[in-house]
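All remarks here apply to the structure that follows.
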Amino acid sequence: MVIVKATQDSEAGVMPSEQLLTEMGKYNEELVKAGIMLAGEGLHPSSKGARVQFSGTNRTVIDGPFTETKELIAGYWLWQVQSIEEAIDWVKRCPNPMPGDSEIEIRPVFEADDFGEALTPELREQEERIRERTEKLTQR
């Protein structure tokens with residue numbers, strides 16, 4: 001997963017320019033043509049979001065905005081690449097996603113084999129059913 005970190009501008013709701021949207025569109029087309037991009041979206045500022053905190057069986061809802069901009073996400077891509085190095089190479093080609101300084105974080109997504117024996121055959125079957133259903137939803 002490639003995570004675009006939020007900035008003060010993105011949290012203030014400053015929308016990207018036409019030039020940036022054009023550059024990102026071209027970049028996304030390159031990712032799709034290379035067979036890498038599975039998904040990608042920008043996110044509204046945290047003022048339009050909420051958090052749910054868990055403590056045992058208790059749930060507490062906290063409405064945005066959230067104050068620590070450096071911990072927030074402004075957008076993401078889900079890529080299928082062979083290595084972290086390949087992801088880094090692609091991120092280096094990305095247009096700067098924000099006016100001014102910005103940061104993109106890369107994090108591997110867990111795969112079924114990463115869970116070892118804890119992911120029983122029954123849980124693997126359930127995971128496959130869920131994955132098939134979500135793929136059908138995204139094809140609509």
Side-chain angles (χ1 to χ4, degrees):
M1 176 170 264
V2 180
I3 302 163
V4 178
K5 300 297 218 117
T7 64
Q8 288 183 348
D9 282 344
S10 69
E11 276 298 289
V14 175
M15 296 302 288
S17 67
E18 181 180 343
Q19 179 183 348
L20 179 56
L21 290 173
T22 300
E23 290 173 5
M24 279 297 182
K26 289 178 183 175
Y27 180 68
N28 287 338
E29 282 182 344
E30 288 179 40
L31 293 168
V32 170
K33 286 179 186 175
I36 291 171
M37 185 170 155
L38 302 176
E41 300 294 339
L43 303 175
H44 282 275
S46 68
S47 60
K48 295 186 177 186
R51 289 182 177 165
V52 179
Q53 289 184 333
F54 291 72
S55 180
T57 59
N58 296 323
R59 308 293 185 263
T60 304
V61 177
I62 301 164
D63 293 324
F66 309 118
T67 55
E68 277 299 315
T69 304
K70 66 182 181 182
E71 295 179 7
L72 299 176
I73 298 171
Y76 71 93
W77 285 281
L78 190 56
W79 293 351
Q80 188 166 4
V81 293
Q82 298 300 312
S83 66
I84 191 80
E85 292 79 17
E86 182 181 4
I88 291 168
D89 289 343
W90 276 99
V91 168
K92 285 180 173 180
R93 296 170 57 184
C94 182
N96 186 347
M98 302 288 175
D101 294 342
S102 64
E103 185 174 300
I104 293 179
E105 180 177 333
I106 304 167
R107 304 268 304 273
V109 174
F110 279 108
E111 296 187 21
D113 291 342
D114 295 328
F115 294 100
E117 293 178 14
L119 191 65
T120 65
E122 294 80 19
L123 291 172
R124 282 181 186 272
E125 287 177 21
Q126 179 187 39
E127 177 66 22
E128 274 302 310
R129 284 193 311 273
I130 292 169
R131 196 170 295 277
E132 287 173 9
R133 289 179 186 158
T134 58
E135 285 176 6
K136 287 179 184 175
L137 289 174
T138 59
Q139 293 173 357
R140 289 183 182 176

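Residues: numbered from 1 along the sequence shown.
- Of all non-hydrogen atoms in Ala34 and Trp90, the two that sit nearest each other are CB-CZ2, 3.6 Å.
- Atom NZ in Lys26 sits 7.5 Å away from atom CD in Glu23 (nearest 0.5 Å).
- Here Glu103 contributes atom CD and Ile3 contributes atom CD1; the two are 10.5 Å apart, rounded to the nearest 0.5 Å.
- Proximity of a side-chain donor or acceptor of Asn28 to a complementary backbone N or O of Gly25 within less than 3.5 Å is not detected.
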Passes side chain to side chain contact (heavy atoms under 4.5 Å, CB included), Leu78 versus Glu41? Steps please. CA-CA 9 Å; Leu78 190 56; Glu41 300 294 339; over 6 Å; no
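- Side-chain contact between Trp79 and Glu86 is absent, with no heavy atoms from C-beta onward closer than 4.5 Å.
- We find the CE-CG distance between Met24 and Asn96 to be 7.5 Å, quoted to the nearest 0.5 Å.
- Taking the six-membered ring for Trp and thresholds of 30 and 60 degrees, Phe115 and Phe110 have ring planes inclined between 30 and 60 degrees apart.
- Under a hydrophobic clustering in which Ile, Leu, Val, Met, Phe, Trp and Tyr are joined whenever their side-chain heavy atoms come within less than 4.5 Å, directly or via other members, Leu31 and Ile84 fall into the same cluster.
- Enclosure of atom CZ in Arg107 is not indicated, since only 12 or fewer non-hydrogen atoms of other residues, nucleotides or ligands lie within 6.0 angstrom.
- To the nearest 0.5 Å, the span separating CE on Met37 from CD on Gln80 amounts to 13.5 Å.
- Residue Val109 is not grouped with residue Leu119 when hydrophobic side chains (ILVMFWY) are merged at heavy-atom distances under 4.5 angstrom, including chains of intermediate members.
- Closest approach of Cys94 to Ile104, counting heavy atoms only: SG-CD1, 4.0 Å.
- Across Leu20 and Pro97, no two heavy atoms sit closer than the pair CD2-O, 3.3 Å.
- Atom OG of Ser10 is separated from atom CE of Met15 by 11.0 Å, given to the nearest 0.5 angstrom.
- With contacts defined as side-chain heavy-atom distances shorter than 4.5 Å, the pair Gln82/Ile36 does not qualify.
- Placement of Val2 and Leu21 in two distinct hydrophobic clusters is found when ILVMFWY residues are connected by side-chain heavy-atom separations under 4.5 Å, directly or transitively.
- No side-chain heavy atom of Trp77 sits under 4.5 Å from any side-chain heavy atom of Met1.
- Met98 has its side chain out of reach of Val14: every pair of non-hydrogen atoms, C-beta onward, lies at least 4.5 Å apart.
- For the pair Tyr76 (side chain) and Leu43 (backbone), a donor-acceptor distance under 3.5 Å is absent.
- Atoms CD1 and CD1, from Ile88 and Ile106 in turn, are 5.0 Å apart once rounded to the nearest 0.5 Å.
- Between the Glu11 side chain and the Ser46 main chain, a donor and an acceptor come within less than 3.5 Å of each other.
- Ser55 contributes no side-chain N or O that, together with a main-chain N or O of Asn58, makes up a donor-acceptor pair within less than 3.5 Å.
- For Asp114, the CG atom sits in a packed shell: over 12 heavy atoms of surrounding residues, nucleotides or ligands are nearer than 6.0 Å.
- Considering Glu135, Glu127, Glu128 as possible partners of Arg131, the one that fulfils the side chain to side chain donor-acceptor pair (under 3.5 Å) test is Glu127.
- Neither side chain, Gln19 nor Ser17, offers a donor N or O lying under 3.5 Å from an acceptor on the other.
- Between Leu72 and Phe66, the shortest heavy-atom distance links the atoms CD1-O, 3.7 Å.
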